[in-house]
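One structure is given below, encoded as structure tokens.
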2 protein chains.
Amino acid sequence: MSGNVTIRDVARKAGVSISTVSRVINGTGYVRESTRKKIEDAIRALGYSPNHVARSLSKGSTKIIGAILPDISNPFFPTLARGIDDAVSSRGYTLIICNTDSDVRQEESSVRVLLEKRVDGVVFVAGSPESASLVRRASEQVPVAVIDREVEGVPCDTVTVDNFRGSYELTRYLLNCGHRKMAYISGPLHLSTSKKRLAGFRACLRDSGVNDEPHVFHGDFKYDTGYSIAREIIRMGLGITCVVCANDLMAIGAMRCFQDLGIGVPSQVAVCGFDDITMASLVRPSLTTVAQPAYRMGALAAEMLLERIEKGRDQSPRSRVLEPVLVIRDSTGGGGVKA
Amino acid sequence: MSGNVTIRDVARKAGVSISTVSRVINGTGYVRESTRKKIEDAIRALGYSPNHVARSLSKGSTKIIGAILPDISNPFFPTLARGIDDAVSSRGYTLIICNTDSDVRQEESSVRVLLEKRVDGVVFVAGSPESASLVRRASEQVPVAVIDREVEGVPCDTVTVDNFRGSYELTRYLLNCGHRKMAYISGPLHLSTSKKRLAGFRACLRDSGVNDEPHVFHGDFKYDTGYSIAREIIRMGLGITCVVCANDLMAIGAMRCFQDLGIGVPSQVAVCGFDDITMASLVRPSLTTVAQPAYRMGALAAEMLLERIEKGRDQSPRSRVLEPVLVIRDSTGGGGVKA
DNA sequence: TTGAAAGCGCTACCAC
DNA sequence: GTGGTAGCGCTTTCAA
């Protein structure tokens, strides 16, 4: 029945005042050794568990961090989430994760709930075009760190990966392999990540003096979409030798489609992705991709957030850009030179 | 600055009492329409956000559910977690997820933190041999629902899958395919799931009058372990025609090993798993496995938990056993008859 | 080194 | 219909 045991019961049992019990629980202030012992015994005897709700109310801090992200069951996010969780846990905070399915209404309600719960800070992975206003709303109340997808016009700590460069280098590698007729399957273009990856791809073609105009298809990061766009690409008979996808899931979908159609990967069409989710190395052929340090992104963002929470909110926002890494595997032929 | 706006400020601004404001916020009791309007205007004007910490303290309920599970970044759990989250969210609750890496010490600290945070209930996926005492400790304070892995001696709601039967039917299918020399790679045997899967496998062999003693290897559900045990199996030269793994991750590891050694799957060795994680259908050859309804397990457990929270804790614990589904794919030859 | 008491913001009971 | 007020369990001055 330790559930309803309060600090008051402990005080009574130990024959001291509430204040003194509070002191030993929090290790704050001086307490005579013998008193401390008595209190600790009482705590054990009663099975006392401090009520953090009461503590939060009185201290004005919950030691809870909220994370708003598209979908924990989507391969890229669990690793990111684990990075966040490990970072906050090790500093004595607890994490609440909200799934939004990249839908504004769910983002809206997540922000509202987290704010009502008085979380000490929020980590935000924007999913919808209207996310910016929600990030702003949240950041008016508590420190906010934005991960992965940049949000314009709202000053807060940001951790991203250099999507432009990752895409650029991947493309250079593909050109070195001799590909000229390429198709690109993009993500939702309202996301900064999608835009930058596409921009990096285009820039590299341009810089390399490739005149063949790439065929750009509009996707949504989903496996099924990769599959169906790949079929569309074949149907159009464009003579494509390489399909560049804005993420791994679509790439794997595309690869699967080609295989189902009896088209060899990479012998007839090369395919590559972006993210380097676990699956990328496990599918056959293994997927050439651009690796994002998901765990580190989460951990880093959480650390920046906690620092801001504990050291004050006034410093100007910092922005960290991590470097992605080109991972060459079998889906692009295995040959070629890493430029 | 809505952060520090309290119900008191709203009351003052609207020219009414705190009680009345509380009534309109909670939609409880009678309030004159014009009064309600005044209050709602004041709330909007001040950007008031109700403080759930204070509400929790006063109501004795936080509307927070805790989930304790091994590792959110491991393929099986995100789906399960999403099931839990959707179920609790739709009922107005918020979810806190704690990762334990199947380590007792982390389970212990998770239980302590959740109890201190005064969550209204806990969903527990046991990971270590000592989990039972923690489940008990938690269940002394709040309702607990156990998922996936049974915990003995602690009466609480439980959602599992019929692991014995899933394994049994898988094995029957393999026997029908003609396999006689089989190896089994188990999970940690302190987990009920591992035990039952192995038991189902053995029982089927026995019931079918197969005399060839299967070779049982002790694994830990990890990809790398599947890989190295597979290598060991080959090294031993046992003439195995089929490797049955206690989960998909080990199966994919084993498959990968065989492929690296130039051993054809399924032409020379068949491989199968358990779980049906997303990857299972995406690897080549696609993996024959036993599908667990992870999302439903999570959602169902959460619903049972919420019902117990809201309808009282005295009813005797219920136990739901979901049926797994045999999914025949290419890694076992594609042929054969689903018995 | 210890105790008393005023909050923290809200709910809910009791009056009016 | 509406207001007053006693808690909820803890932290944190301020005194002693």
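Computed from a prediction, not measured in an experiment: that's the story for all the values here.
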Whole angstrom value for the distance that separates P of C/dA4 from CZ of A/R23: 11 Å

Minimum-distance nucleotide to A/S17 side chain [options: C/dT11, C/dG3, C/dC8]: C/dG3

Phosphate OP1/OP2 of C/dT2: any A/T20 side-chain N/O under 4.0 Å: no

Interatomic distance, A/R12 CZ vs C/dG3 C1' [rounded to whole Å]: 16 Å

Ion pair B/K59/B/D120, N-O distance below 4.0 Å: no

Atom pair distance, as rounded to whole Å: NZ in B/K63 and C1' in C/dC10: 16 Å

Cationic N near anionic O, under 4.0 Å, B/R44 to B/D41: yes

A/R91 bridged to A/E310 by N-O distance under 4.0 Å: yes

Length of the NZ-C1' vector between A/K38 and C/dT1, whole Å: 12 Å

Nearest-Å distance for atom pair CZ/P, residues A/R55 and C/dG9: 18 Å

Single hit among B/D86, B/I65, B/V119 for side-chain contact (heavy atoms from CB on, under 4.5 Å) with B/L95: B/I65

Between C/dG7 (P) and B/N51 (CG): distance, integer Å: 18 Å

Spacing of B/I18 atom CD1 relative to C/dA15 atom P, expressed in whole Å: 20 Å

Residues B/R36 and B/E33 bridged, charged N to O under 4.0 Å: yes

Touch class at under 4.0 angstrom, heavy-atom based, for A/V16 against every strand present: sugar-phosphate

From B/V151, B/L134, B/L114, residue fulfilling side-chain contact (heavy atoms from CB on, under 4.5 Å) relative to B/F124: B/L134

Any donor-acceptor pair under 3.5 Å from A/S131 side chain to A/G127 backbone: yes

First encountered from the 5' end of DNA chain D, between B/S58 and B/G15: B/G15

B/L57 or B/T35, whichever maps to the more 5' nucleotide of DNA chain D: B/T35

Sugar-phosphate only, base, or nothing, as touched by A/I25 at under 4.0 Å among non-hydrogen atoms: nothing

Boundaries of the chain B footprint along DNA chain D (any atom under 4.0 Å from a heavy atom): D/dG1 to D/dG9

Any A/Y30 side-chain N or O less than 4.0 Å from OP1/OP2 of C/dG3: no

Donor-acceptor pair under 3.5 Å, A/S19 side chain vs C/dA4 base: yes

Rounded distance (Å) that lies between atom P of C/dA12 and atom CD1 of B/I7: 11 Å

